[in-house]
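Everything on this sheet refers to the single structure shown next.
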Amino acid sequence: MDKKKDKQVFEYVNPQALKWVKEHSSNMTNLMAYYKCAIMEVETKLNVLNEEFSLQHDRNPINTIKSRLKSILSITEKLERNGLELTVENIEEFLSDVAGIRVICSFTDDVYIIANALLSQDDITLIRKKDYIAHPKENGYRSLHLLVNVPIFLANEKKIMKVEIQLRTIAMDVWASLEHQLRYKKSFEFSEEMAQELKKCADLSAELDYRMERLRRQVID
Ligand code: 0O2
């Protein structure tokens, strides 16, 4: 979330939430550091898989990896929106997207190759999978979402942290990024016609992925 948005959220956050954040700043700093470590763990796993695949097949299945840690203000806002009390336990139990990783793959098959390889690792536990590629959302959104538990090893303890991983192709990412930008212009109401146009763009991006995948299968294994 950018600084301008943070400032806007700041204005909405009720004074009690702000007071809580100040009072629990030390716990929150630790918690956020643990989530950051969990992101680093998963990123390393993804980079290793990418490297190994590139050695074996002479191409990279992963194009880009982007990570983000949800801001503390967004965390308090989401808990409040869901009617949950502001506690460290509730953040860990009920928020699935504090640590988020987006993996942009070259081809659709790569999404599943990387996801399956990651999920087969014995220290990764799948909590939830949403396959919006096999079953796109009504607006046309496509991506594979995995919610996993990953251990982080601290000096004196092992902590299990949740990480949300979104895997998608370059074409899926282009559509989702642009749709996200349009959707976040909150003052603007989408007409039915515009929603249909967005859906058509999503269908075009799905067609592009399908055709590129077909070409890839002819060129490389
Ligand atoms: P942002 O700003 O990207 O973080 P939960 O994650 O449990 O709170 P839910 O509905 O169970 O909520 O999660 P879901 O559907 O698995 O996905 C939530 C995230 O997926 C969103 O986070 C987006 O990043 C992405 N996403 C889901 N649907 C769409 C869509 O229609 N368009 C786009 N562009 N992205 C989508 P946030 O917090 O909404 O947004």
Side-chain angles (χ1 to χ4, degrees), residues 1-10 12-13 31-32 35-36 38-39 42-43 64-86 89-105 108 111-112 114-115 118-119 125-150 161-192 194-206 208-209:
M1 187 175 265
D2 60 28
K3 278 196 179 139
K4 195 172 144 222
K5 252 187 168 179
D6 247 1
K7 191 167 169 282
Q8 284 168 354
V9 172
F10 195 80
Y12 293 126
V13 170
L31 183 67
M32 297 312 278
Y35 277 116
K36 195 174 161 204
I39 286 179
V42 176
E43 272 186 349
T64 333
I65 300 175
K66 300 174 194 168
S67 317
R68 73 109 181 84
L69 209 51
K70 207 173 184 70
S71 76
I72 292 180
L73 293 174
S74 291
I75 290 173
T76 62
E77 197 233 10
K78 191 161 183 179
L79 276 183
E80 256 185 73
R81 198 162 8 101
N82 293 339
L84 291 163
E85 198 192 333
L86 206 50
E89 292 73 30
N90 279 352
I91 295 171
E92 289 197 87
E93 186 170 350
F94 296 108
L95 295 194
S96 54
D97 63 343
V98 177
I101 300 185
R102 191 166 286 157
V103 188
I104 317 297
C105 293
T108 310
V111 166
Y112 293 102
I114 295 294
L118 184 71
L119 293 176
T125 310
L126 178 67
I127 306 172
R128 188 178 73 200
K129 183 197 270 191
K130 290 188 190 170
D131 190 344
Y132 294 123
I133 299 176
H135 308 284
K137 284 178 69 172
E138 213 176 301
N139 62 359
Y141 175 78
R142 294 182 305 135
S143 272
L144 178 66
H145 291 194
L146 307 176
L147 180 62
V148 300
N149 268 337
V150 63
M161 306 301 298
K162 274 184 199 155
V163 178
E164 189 190 72
I165 309 164
Q166 299 181 349
L167 299 107
R168 47 173 81 147
T169 62
I170 299 168
M172 292 172 201
D173 190 52
V174 167
W175 183 91
S177 303
L178 300 182
E179 189 265 358
H180 188 269
Q181 278 187 33
L182 295 173
R183 197 158 40 90
Y184 275 73
K185 296 258 174 228
K186 289 218 170 88
S187 50
F188 192 85
E189 276 285 310
F190 266 40
S191 66
E192 182 54 35
M194 289 177 72
Q196 276 174 16
E197 183 60 14
L198 262 176
K199 173 71 171 60
K200 278 186 198 155
C201 293
D203 292 344
L204 277 176
S205 99
L208 178 65
D209 271 335

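None of the values given here were measured: they were computed from a predicted structure. Both counts, for ligands and for their atoms, begin at 1 and track the order of listing.
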Between the CD atom in E164 and the NE2 atom in H145, the distance rounded to the nearest 0.5 Å is 6.5 Å
The answer for which part of N139 has a heavy atom under 4.0 Å from ligand 1 is side chain
Less than 4.0 Å is my threshold; does some heavy atom of R128 fall inside it relative to ligand 1? yes
Answer yes or no: is there a donor N or O on one side and an acceptor on the other, between the side chain of K162 and the main chain of E93, under 3.5 Å? yes
Close-contact set for ligand 1 against E164 heavy atoms, below 4.0 Å: 6 (O)
Of I165, L119, V148, L147, the residue whose pairing with K129 passes side-chain contact (heavy atoms from CB on, under 4.5 Å): L119
Within 4.0 Å of some non-hydrogen atom of K130, the atoms of ligand 1 are 9 (P), 11 (O), 13 (O), 14 (P), 15 (O), 16 (O)
Of E179, H145, H180, the residue with the heavy atom nearest atom 18 (C) of ligand 1 is H145
With atoms numbered from 1 as shown, which atoms in ligand 1 lie under 4.0 angstrom from a non-hydrogen atom of S96? 5 (P), 6 (O), 7 (O)
Q166 neighbourhood, listing ligand 1 atoms whose heavy-atom distance to it stays under 4.0 Å: 19 (C), 20 (O), 23 (C), 24 (O), 25 (C)
Can you sort out which atoms of ligand 1 are near A176, meaning under 4.0 Å from one of its heavy atoms? 34 (N)
Side chain, backbone, both or neither: the part of R68 lying under 4.0 Å from ligand 1 by heavy atom: side chain
Tell me every residue that passes salt bridge (Lys or Arg N to Asp or Glu O under 4.0 Å) with D203, counting only those two or more places apart in sequence or in another chain. K199
Any nitrogen or oxygen of R168, main chain or side chain, under 3.5 Å from a nitrogen or oxygen of ligand 1? no
NZ of K36: more than 12 outside heavy atoms within 6.0 angstrom? no
Select one of side chain, backbone, both or neither to describe which atoms of R102 lie under 4.0 Å from any atom of ligand 1, heavy atoms only. side chain
Going by the order shown, which atoms of ligand 1 are within less than 4.0 Å of some heavy atom of Y132? 14 (P), 15 (O), 16 (O)
Hey, does N139 have a side-chain heavy atom less than 4.5 Å from the side chain of L198? no
Nearest heavy atom to atom 25 (C) of ligand 1 wins, so pick from F94, W175, Y141. Y141
Answer yes or no for K78: is there a heavy-atom contact with ligand 1 below 4.0 Å? yes
Please list, chain by chain and in numerical order, all residues satisfying side chain to side chain contact (heavy atoms under 4.5 Å, CB included) with Q196, sequence neighbours excluded. E192
Please check: side-chain N/O of N149 versus main-chain N/O of T125, any donor-acceptor pairing under 3.5 Å? no
From I75 atom CD1 to Y35 atom OH, the distance as rounded to the nearest 0.5 Å: 7.5 Å
